[in-house]
Number of protein chains: 2
Amino acid sequence: MVNQIKHDREEVIKKAANLFWEKGFHATSMRNLQDHIDMRPGSIYAAFGSKEGLFKEALQCYTNTNIALMQQCEAQASSPLNALKLFIKSIIKRPQENGAPSEVCMLVKTVSELTDENADLLALSKQLLNMMEQGIETVLKRAQAQGEISASSDTRRLAQFLQIQVIGLRAYMRANDDNDCIDQLIDDAFSCIQ
Amino acid sequence: MVNQIKHDREEVIKKAANLFWEKGFHATSMRNLQDHIDMRPGSIYAAFGSKEGLFKEALQCYTNTNIALMQQCEAQASSPLNALKLFIKSIIKRPQENGAPSEVCMLVKTVSELTDENADLLALSKQLLNMMEQGIETVLKRAQAQGEISASSDTRRLAQFLQIQVIGLRAYMRANDDNDCIDQLIDDAFSCIQ
DNA sequence: TAACTCCGTGAACAATCGTTCAAGAAGAAA
DNA sequence: TTTCTTCTTGAACGATTGTTCACGGAGTTA
């Protein structure tokens, strides 16, 4: 085998994504990343081109993980709507329970933090968030086809509604330390979906 | 009159708050601030002590403005619940319409961006967000006393619900460029309040 | 006018930022 | 062993970070 790649690319990106997710784009320095993913600047720049390049891959990785989780929920749950509930509940669980580095969605954090000074990163985050919403809508349509939700419901609007609930709940959890009521708040949100 | 203070403190803090609100704490450099508030480093540090010190005042200023807006809405509207609707609608309106530097609430942005590395700023933001929620609850109680909402409703939970809606809606607007549907989404959220 | 007080100035500080690149290490091919 | 290829290393770059402080200017008091 020719010179083997020392670092597993996927593994490295995953570690980087976790650090970016925790600290945000600007507060994460290349020195921080070097320590966290155990690579030297030369290797990082050879592999990813720039801090922005690595961040793009991190955003993609984060989204792919979420999509995979969604598919996993669909395989497990007894119906599309239950899959959606399972997905959202497992995403919203406190970080200390599922190892996530922040309560807030990484894409939302990024969209909130960045400005036009990083236009392409901002655009990518918006695009990925939109992709997640469309994924939700796809499952909602499946639920509609199976009669779980009314045929007259606007699945696009329902997907928007759920997206807003999840964004709001996660940011709210970040802002409040004691959140025993979260489970009920999630149920409240879902009771609106018919 | 002894040497008059050249810069109006309130005005300076308001300008600084707008820049911090737009760019976030980390992405706003002292050089950016110097240009934006037209003060030199010496004067800034004499008046505020540090970047963190100025940011604290900016957070307070932002919150005070929101509280003032809430009171103004109560004076204008025909009932407590209508005042709340008016307040939330005027907050959620797109930044290009009301001059706000970002769609996202400054306190939420801060809570989302910062980590324990700026523990006191994080704590202050959480505290101010909580204060806003309590303000909402106060108005809800007034609405309850006037029979606008059911006497059996849990105003604490309703305030939480509204807080989550506003947080979610604003972040959602930041992430989506075309948002003609926002007014309807706001009405949807309020239709749950009984 | 001279001395004093106060605020504002901006050059300069050490530290850190994102990034580059010449050099080294290690296995493959000859 | 020698050459070649490929990946890694870490010192070093100029730029920018948050912050400091000796200085100048302007109004007040004597």
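Chain letters run A, B, ... following the sequence lines, proteins first and then strands; every chain starts at 1. Predicted, not measured: the structure shown is a model, and the values here were computed from it.
Whole-Å rounding puts the B:His26 NE2 to C:dT16 P distance at 14 Å. B:Gln34 has its CD atom 11 Å from the C1' atom of D:dT17, to the nearest Å. Between the CG atom of B:Leu54 and the C1' atom of D:dG18 there is a distance of 13 Å, rounded to whole Å. Atom CG in A:Asp35 sits roughly 13 Å away from atom P in D:dT9 (whole-Å rounding). Rounding to whole angstrom units, CZ of residue B:Arg40 and C1' of C:dA12 are separated by 17 Å. A straight line from CG of A:Leu33 to P of C:dT16 spans 16 Å, rounded to a whole angstrom. Atom CD in B:Glu117 sits about 14 Å away from atom P in D:dG18, given to the nearest Å. Nucleotide C:dG18 holds its C1' atom 16 Å from the CE atom of A:Met39, rounded to whole Å.
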I'd like a list of close polar pairs between nucleotides 13-16 of chain D and the protein, N/O only, cut-off under 3.5 Å.
none

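Judged by distance alone, with hydrogens and angles left aside, the side-chain atoms of A:Lys109 form a donor-acceptor pair with the main-chain N or O of A:Glu22 at under 3.5 Å.
A:Lys14 and A:Glu10 are not joined by a salt bridge, as no carboxylate oxygen comes within less than 4.0 angstrom of a charged side-chain nitrogen.
Closest to the side chain of B:Ser43, from the set C:dT9, C:dG18, D:dT19, is C:dT9.
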Run the side-chain donor-acceptor check on residues 157-175 of chain B: report pairs under 3.5 Å with partners two or more places apart or on a different chain.
| from | atom 1 | to | atom 2 | distance (Å) |
| --- | --- | --- | --- | --- |
| B:Gln160 | NE2 | A:Tyr172 | OH | 3.2 |
| B:Gln163 | NE2 | B:Leu129 | O | 3.2 |
| B:Gln165 | OE1 | A:Gln165 | NE2 | 3.0 |
| B:Gln165 | NE2 | A:Gln165 | OE1 | 3.0 |
| B:Arg170 | NE | B:Glu103 | O | 3.0 |
| B:Tyr172 | OH | A:Glu133 | OE1 | 2.9 |
| B:Tyr172 | OH | A:Glu133 | OE2 | 3.1 |
| B:Tyr172 | OH | A:Gln160 | NE2 | 3.2 |
| B:Arg174 | NE | A:Val111 | O | 2.9 |
| B:Arg174 | NH1 | B:Glu103 | OE1 | 3.4 |
| B:Arg174 | NH2 | A:Leu114 | O | 2.8 |

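Within the structure, side chain to side chain donor-acceptor pair (under 3.5 Å) pairs that include any residue of residues 112-128 of chain B comprise A:Lys23-B:Glu117, A:Asp177-B:Lys126, B:His26-B:Glu113, B:Glu52-B:Asn118, B:Lys56-B:Asp120 (at least two apart or interchain). Each ring pair (Phe, Tyr, Trp, His ring centres under 6.0 Å) pair with one or both residues in residues 56-76 of chain A, not counting sequence neighbours, appears once here: A:Trp21-A:Tyr62.
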Evaluate the criterion side-chain contact (heavy atoms from CB on, under 4.5 Å) for residue pair A:Asn66 and A:Met70; output intermediate values, then yes/no. CA-CA 6 Å; A:Asn66 273 13; A:Met70 171 89 104; over 6 Å; no
Would you check, one step at a time, whether the test side-chain contact (heavy atoms from CB on, under 4.5 Å) holds for B:Thr138 with B:Lys141? CA-CA 5 Å; B:Thr138 302; B:Lys141 277 180 177 160; 5.8 Å; no
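Nearest-nucleotide positions on DNA chain C for B:Gly42 and A:Gly42 put B:Gly42 closer to the 5' end.
Applying the side-chain contact (heavy atoms from CB on, under 4.5 Å) criterion to B:Ala47, with sequence neighbours excluded, gives B:Arg9.
Remark: A:Lys51 qualifies as a cation-pi partner of A:Phe25 under the 6.0 Å distance and 45° angle criteria applied to the six-membered ring.
Remark: A:Tyr45, A:Ser50, A:Lys51 in residues 44-52 of chain A come within less than 4.0 Å of DNA chain C through at least one heavy atom.
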